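Quick notes on the structure that follows.
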Amino acid sequence: AYERTCRYLARKTNSVVVSVGYRLAPEHPYPTQFEDCLTATVHFMRTAHDYGVDPSRIIVCGDSSGGTLTAAVAQALVNRRDLPKLRAQILIYPYLQCVDFNLPSYQQNEGVPILLKERTVALGLKYLDKDLSVMEAIFNGCHIPEDLQQKYQKWVSPDYIPHEFKTRGYKPNTTHPLFSKEVYTLVKPMFDAVFSPLLAEDSVIAQLPETFILTCEFDVLRDDGLLYKKRLEDHGIKVTWCHLQEGFHGTV
């Protein structure tokens, strides 16, 4: 599916493009995909000269769940002293958090193909090999203990979404979710920064490379990108942001 896109990128940017054929779930359970991407990236960084590549100009890039993997790989590399620093990361409508599935973009675009709100959560649970019966509880926010809710509130909140993105039928959530320890125990891996890179600690975010983020108006994941943009900028990371006003998930 990505062969032509990668060839196009290589041609148009006069770059060497490495497409990582990471192993897929469910045959290869999470976090195999992240580990494959990290292994491939580290190997390429160490052997860049063999491909005529300047090791100081390596960029990681991905879209959708590939954007999640890109963000996770970039975070995993920040404390590596045995490798060159990444030049940049490119995140194309990435999935970045599991805390709030009622952000404005989730409300506004819940029925917009191809990534329906329900499908997003179902795919995430299947990826982790978890039972889909907990979907409703996750939609309602019952999967987060109060202490984590307070911690994540400073990173994941509708309050940080600019007003112009709330004008299209957004209703603030006024109900207080009833926490379920059973659901939390089941979906706990969702809060790992490999699965939800937006939940990485400040000490990691502060060391990330220059970033390009693409968001689409008609995409449930739009606000994930906007929130990550804010976190990066709050730590002085240079961000180039492109928003496609008529765009939808999968538009690339």
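Predicted model only: the values in this text are computed from it and were never measured.
Here the side chain of Ser64 pairs no donor or acceptor atom with the backbone of Gly66 at under 3.5 angstrom. A donor-acceptor distance shorter than 3.5 angstrom exists from the side chain of Asp131 to the backbone of Ser133, with no hydrogens or angles considered. Side-chain atoms of Thr251 do not come within 3.5 Å of backbone N or O of Gly247 as any donor-acceptor pair. With hydrogens and angles ignored, the 3.5 Å screen pairs a side-chain donor or acceptor of Gln97 with a backbone N or O of Asp100. In this structure, the side chain of Tyr228 does not engage the main chain of Lys230 through any donor-acceptor pair within 3.5 Å. In this structure a side-chain-to-backbone donor-acceptor pair under 3.5 Å is missing from Arg168 to Asn109. Remark: side-chain polar atoms of Asn140 are not paired, donor with acceptor, to backbone N or O of Pro177 under 3.5 angstrom. Judged by distance alone, with hydrogens and angles left aside, the side-chain atoms of Gln107 form a donor-acceptor pair with the main-chain N or O of Lys171 at under 3.5 Å. Side chain of Thr185 to backbone of Lys181: a donor-acceptor contact under 3.5 angstrom is found. Under the 3.5 Å distance criterion, the side-chain polar atoms of Asp219 are left unmatched by any main-chain donor or acceptor of Phe248.
Aromatic rings of Tyr51 and Phe44 (six-membered ring for Trp) have centroids within the 6.0 Å cut-off, being under it.
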Which donor-acceptor pairs under 3.5 Å do the side chains of residues 193-208 make with protein atoms, sequence neighbours left out?
unit_1: Ser196; atom_1: OG; unit_2: Cys98; atom_2: N; d: 3.4
unit_1: Ser196; atom_1: OG; unit_2: Met190; atom_2: O; d: 2.7
unit_1: Glu201; atom_1: OE2; unit_2: Lys151; atom_2: NZ; d: 2.6
unit_1: Asp202; atom_1: OD1; unit_2: Arg231; atom_2: NH2; d: 2.5
unit_1: Asp202; atom_1: OD1; unit_2: His235; atom_2: NE2; d: 3.3
unit_1: Gln207; atom_1: NE2; unit_2: Asn79; atom_2: OD1; d: 3.2
unit_1: Gln207; atom_1: NE2; unit_2: Ser203; atom_2: O; d: 3.0

Please tabulate, one pair per line, all N/O donor-acceptor pairs under 3.5 Å involving side-chain atoms of residues 119-127, not counting sequence neighbours.
unit_1: Arg119; atom_1: NH1; unit_2: Ile114; atom_2: O; d: 2.5
unit_1: Thr120; atom_1: OG1; unit_2: Leu116; atom_2: O; d: 2.9
unit_1: Tyr127; atom_1: OH; unit_2: Gln33; atom_2: OE1; d: 3.4

For residues 19-28, dump all side-chain donor-acceptor pairs below 3.5 Å to protein atoms at least two apart in sequence or in another chain.
unit_1: Arg23; atom_1: NE; unit_2: Asp36; atom_2: OD2; d: 2.9
unit_1: Arg23; atom_1: NH2; unit_2: Asp36; atom_2: OD1; d: 2.8

Inset, instruction - Any chance you could lay out the side-chain contact (heavy atoms from CB on, under 4.5 Å) test for Met45 and Leu77, step after step, and finish with the verdict? - result: CA-CA 11 Å; Met45 293 177 108; Leu77 293 172; 4.0 Å; yes

Legend entry - Stepwise side-chain contact (heavy atoms from CB on, under 4.5 Å) check, Asp224 with Leu103: CA-CA 9 Å; Asp224 282 25; Leu103 290 169; 4.2 Å; yes

Legend entry - Residues Tyr2, Asp63; criterion side-chain hydrogen bond (donor to acceptor under 3.5 Å, both in side chains); working and verdict: CA-CA 11 Å; Tyr2 282 80; Asp63 75 316; 3.0 Å; yes

Inset, instruction - Evaluate the ring-ring contact (aromatic ring centres under 6.0 Å, His included) criterion for residues Phe191 and His143: first the C-alpha distance (whole Å), next the side-chain angles of each, then the deciding distance (0.1 Å), finally the verdict. - result: CA-CA 10 Å; Phe191 299 100; His143 60 307; 5.7 Å; yes

Inset, instruction - Test Ile144 against Tyr184 for side-chain contact (heavy atoms from CB on, under 4.5 Å), laying out the working first. - result: CA-CA 6 Å; Ile144 314 171; Tyr184 170 65; over 6 Å; no

Legend entry - Lys130 and Val134: CA distance, side-chain angles, deciding distance, side-chain contact (heavy atoms from CB on, under 4.5 Å) verdict: CA-CA 9 Å; Lys130 301 300 180 186; Val134 298; 5.7 Å; no

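Atom CD of Glu35 has more than 12 heavy atoms from other residues, nucleotides or ligands within 6.0 Å. Around atom CD of Glu233, more than 12 heavy atoms belonging to other residues, nucleotides or ligands sit under 6.0 Å away. More than 12 heavy atoms of other residues, nucleotides or ligands sit less than 6.0 Å from atom CZ of Arg46. Under a cut-off of 6.0 angstrom, the local environment of NZ in Lys188 is sparse, with at most 12 non-hydrogen atoms contributed by other residues, nucleotides or ligands. Heavy atoms of other residues, nucleotides or ligands lying less than 6.0 angstrom from CD of Glu146 number 12 at most. Residue Asp234 places its CG atom among more than 12 non-hydrogen atoms of other residues, nucleotides or ligands, all under 6.0 Å distant.
With hydrogens and angles left out, the side-chain atoms of Gln89 and Thr211 include a donor and acceptor closer than 3.5 Å.
The minimum heavy-atom distance linking Ser105 with Val220 is given by the pair OG-O, 2.7 Å.
Residues Pro145 and Phe179 meet the side-chain proximity criterion, which asks for heavy atoms closer than 4.5 Å. Counting heavy atoms from C-beta on, the side chains of Pro104 and Asp223 come closer than 4.5 Å. Here the side chains of Pro55 and His49 are in contact, with some heavy-atom distance below 4.5 Å.
Neither Val73 nor Tyr93 shares a network with the other; the hydrophobic side chains, linked directly or stepwise wherever heavy atoms of I, L, V, M, F, W or Y lie under 4.5 Å apart, form separate groups for each. Residues Ile58 and Phe34 fall within the same hydrophobic cluster, defined by Ile, Leu, Val, Met, Phe, Trp and Tyr side chains chained together at heavy-atom separations under 4.5 Å. In the hydrophobic cluster analysis, where Ile, Leu, Val, Met, Phe, Trp and Tyr join through side-chain heavy atoms closer than 4.5 angstrom, Leu244 is grouped together with Ile90. Clustering ILVMFWY residues whenever any of their side-chain heavy atoms sit less than 4.5 angstrom apart, transitively, puts Tyr160 in the very cluster that holds Leu148. Connection of Leu9 to Phe212 is not established within any shared hydrophobic cluster, with ILVMFWY side chains joined at heavy-atom distances below 4.5 Å, either directly or through further cluster members.
Under the rule for a side-chain hydrogen bond (donor to acceptor under 3.5 Å, both in side chains), Ser180 has no partner lying at least two apart in sequence or in another chain. With sequence neighbours left out, Asn102 forms a side-chain hydrogen bond (donor to acceptor under 3.5 Å, both in side chains) with Lys117.
Within the structure, the side-chain hydrogen bond (donor to acceptor under 3.5 Å, both in side chains) test picks out the following pairs touching residues 236-247 (sequence neighbours left out): Thr215-Trp241, Thr215-His243, Glu217-His243.
Between Arg87 and Asp54, no side-chain nitrogen of the basic residue sits less than 4.0 Å from a carboxylate oxygen of the acidic one, so the salt-bridge criterion is not met.
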